[in-house]
Each structure stands twice: as C-alpha cells, then as structure tokens.
Amino acid sequence: MMDRRRYDLVFSIYLNSEGFGWVLFEGPSYPVEWGTVRQQGKAKNARCFQKAVELIERLRPDVIVVEKIVAAFSNRTARVVKLSVILETYLEGLGIPFFRYSREDIRKAFGNLPSPSKDGIAEAISKSIPVLFRFVPPKRKPWKSQDARMGLFDAAALALTHFQNIDAQQ
C-alpha cells in the first residue's frame, strides 16, 4: 500500500489585516484550490473565523498549517493575534493534525533565495508553481498597504515550509 502521508491534502491558512489567504495542496507542486477572504467592518474576526470553518468543512483536509504567532514578539495586530488563538483552539478540537510555522521558519525554508522577503518568496513560488503566477501582486510601495493577494502566497509559503520539514524528517 502506498504511503499516503506524502500526498495528504494540506490546507494552509495565513491570517492578515484584510482577512486571510488560503491554499489546499496535494503535494508540494500541486495546489488544488486557493483563494483570499476579505472582510471589513464590525465583527471581522467572527466572519473570518466562520469562513475558515466553512472552508475546512468543505475541503476536508488531512493536515492544516497555520502561522505561529507569538503575541509578545509579533508585529501583528491584536485582532489578528486574537483570531489566531480562536482558530487554533478550534483546530485543537477537530482532531486533524495541525502544524505551526513562524515567519523565521519560512525564511529558513526559502533561505536559498537571494532575498527571502515576502516579495521574493512570492516570486519564487510563482516560478515553481506556474498556475499561481497570475496572482502575484506588484511589489508593495512603502506608502501602500499590502495587496490582499499576498495572503495567498503567505499561505503557500507556509504549506511549502511544511512539506520541506516533513521531507527532512523522513
């Protein structure tokens, strides 16, 4: 019987100020579905959480990957940190294995790049997974807010970090 662990459905979600980006992978080179969720106004966390739950229930992943946010050392907003805690509490009760990786873990996984910045990582992902190329946002200008599409590449980077760590353990 084939070892299915290598090809499990891996759902990665990356929370950001707009909502979140997500990707469902079946192996490191095979994104199956992806998208971004943008929410505005009151009760943003509740609506983001509900959308995440709906995706998890619909996609039925074998593994979930999230960003490891340490509130004391994070530059993330209090709202995103709170949503992260709510989401992880939900995931713990699901019984689906979930993994957490920090921005530093992602930078290490993409350490072979000349510049493992968000833009550099998004560009590298789009080159290795051409179907995502058209979603690469333009490089952010210092005076502009981050493009919502970057959440998609942040989620993909989390999943690819997970695949690299799993391969290193085998």
Side-chain angles (χ1 to χ4, degrees), residues 5 7-41 43-71 73-110 116 118-119 121-122 124-126 128-129 131-132 135-137 145-166:
R5 286 186 324 177
Y7 302 103
D8 285 345
L9 289 175
V10 175
F11 178 73
S12 178
I13 183 168
Y14 185 89
L15 306 175
N16 59 34
S17 62
E18 297 287 322
F20 62 88
W22 61 273
V23 183
L24 180 71
F25 275 92
E26 184 177 21
S29 300
Y30 303 104
V32 178
E33 265 189 78
W34 55 85
T36 58
V37 172
R38 296 180 72 188
Q39 297 292 324
Q40 295 179 342
K44 186 187 278 191
N45 271 3
R47 289 193 319 275
C48 283
F49 176 73
Q50 185 58 43
K51 290 286 188 184
V53 169
E54 288 170 9
L55 280 167
I56 291 166
E57 288 176 354
R58 180 174 66 83
L59 300 172
R60 301 178 61 182
D62 300 307
V63 173
I64 299 174
V65 181
V66 297
E67 182 187 15
K68 181 179 189 177
I69 299 175
V70 180
F73 303 106
S74 177
N75 62 352
R76 307 301 293 277
T77 65
R79 186 195 65 76
V80 171
V81 171
K82 185 176 180 179
L83 180 56
S84 175
V85 169
I86 293 167
L87 183 60
E88 286 187 23
T89 302
Y90 167 75
L91 294 176
E92 287 171 356
L94 269 183
I96 298 173
F98 79 95
F99 297 84
R100 301 173 350 153
Y101 298 101
S102 66
R103 286 298 309 167
E104 186 59 32
D105 294 331
I106 294 169
R107 283 189 196 96
K108 285 179 188 172
F110 288 88
K118 283 185 154 213
D119 289 324
I121 291 169
I125 290 170
S126 72
S128 66
I129 305 172
V131 71
L132 297 178
F135 300 105
V136 177
S145 60
Q146 182 173 281
D147 190 298
R149 292 173 291 179
M150 187 56 83
L152 167 65
F153 290 92
D154 290 327
L158 278 169
L160 294 172
T161 298
H162 173 71
F163 285 119
Q164 188 177 78
N165 284 344
I166 293 300

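Starting from 1, each residue takes its place in the sequence as its number.
- At distances below 3.5 Å, at least one donor-acceptor pair connects side-chain atoms of Thr89 with backbone N or O atoms of Val85.
- Within 6.0 Å of atom CD in Gln40, 12 or fewer heavy atoms from other residues, nucleotides or ligands are found, so the atom counts as exposed in its surroundings.
- Thr36 has its side chain out of reach of Glu18: every pair of non-hydrogen atoms, C-beta onward, lies at least 4.5 Å apart.
- A pairwise comparison of heavy atoms in Phe135 and Trp34 identifies CE1-NE1, 3.2 Å as the closest pair.
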Fill in: side chain to side chain contact (heavy atoms under 4.5 Å, CB included) assessment of Leu83 paired with Phe20
CA-CA 11 Å; Leu83 180 56; Phe20 62 88; 5.7 Å; no
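- Of all the heavy atoms in Leu152 and Gly35, the pair that sits closest is CD1-N, 4.1 Å.
- Lys68 NZ: 12 or fewer foreign heavy atoms inside a 6.0 Å radius.
- Aromatic ring orientation, His162 versus Phe99: tilted (interplanar angle from 30° to 60°).
- A heavy-atom distance below 4.5 Å is found between the side chains of Leu24 and Pro61.
- Side chains of Leu59 and Leu9 form no contact here, defined as non-hydrogen atoms less than 4.5 Å apart.
- Here the side chains of Arg60 and Ile96 are not in contact, with every heavy-atom distance at 4.5 Å or above.
- In this structure, Arg58 and Glu33 have side chains that are in contact, with non-hydrogen atoms separated by less than 4.5 Å.
- A distance of 13.5 Å separates NZ of Lys51 from CD1 of Ile56, quoted to the nearest 0.5 Å.
- Atom OH in Tyr14 sits 7.0 Å away from atom CD1 in Ile69 (nearest 0.5 Å).
- Summarising the geometry, atom CD belonging to Glu67 is positioned 6.0 Å from atom CD1 belonging to Ile106; distances are rounded to the nearest 0.5 Å.
- With Gln39 contributing its side chain and Arg47 its backbone, the two residues share no donor-acceptor pair below 3.5 Å.
- Taking every heavy atom of both residues into account, Ala157 and Ile125 meet most closely at N-CD1, 3.7 Å.
- In terms of heavy-atom proximity, Gly19 sits nearest to Cys48 at CA-SG, 3.6 Å.
- Note: Trp22 and Phe11 have tilted aromatic rings, judged against thresholds of 30 and 60 degrees for the angle between ring planes.
- Minimum heavy-atom separation, Ala52 to Ile13: CB-CD1, 3.8 Å.
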Practice prompt. Could you give me the CA-CA distance, side-chain angles and deciding distance for Phe98 and Glu92, then say whether side chain to side chain contact (heavy atoms under 4.5 Å, CB included) is met?
Written response: CA-CA 8 Å; Phe98 79 95; Glu92 287 171 356; 3.6 Å; yes
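- The 12-atom threshold is exceeded at CZ of Arg79, counting heavy atoms of other residues, nucleotides or ligands nearer than 6.0 Å.
- Note that NZ of Lys118 and CZ of Arg103 are 5.0 Å apart. Values are rounded to the nearest 0.5 Å.
- Residues Leu87 and Phe49 approach most closely at CA-CE1, 4.2 Å, considering heavy atoms.
- Distance check: Thr161 OG1 to Arg100 CZ gives 15.0 Å after rounding to the nearest 0.5 Å.
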Worksheet entry | Trace of the side chain to side chain contact (heavy atoms under 4.5 Å, CB included) decision for Ile121 with Phe153 | CA-CA 8 Å; Ile121 291 169; Phe153 290 92; over 6 Å; no
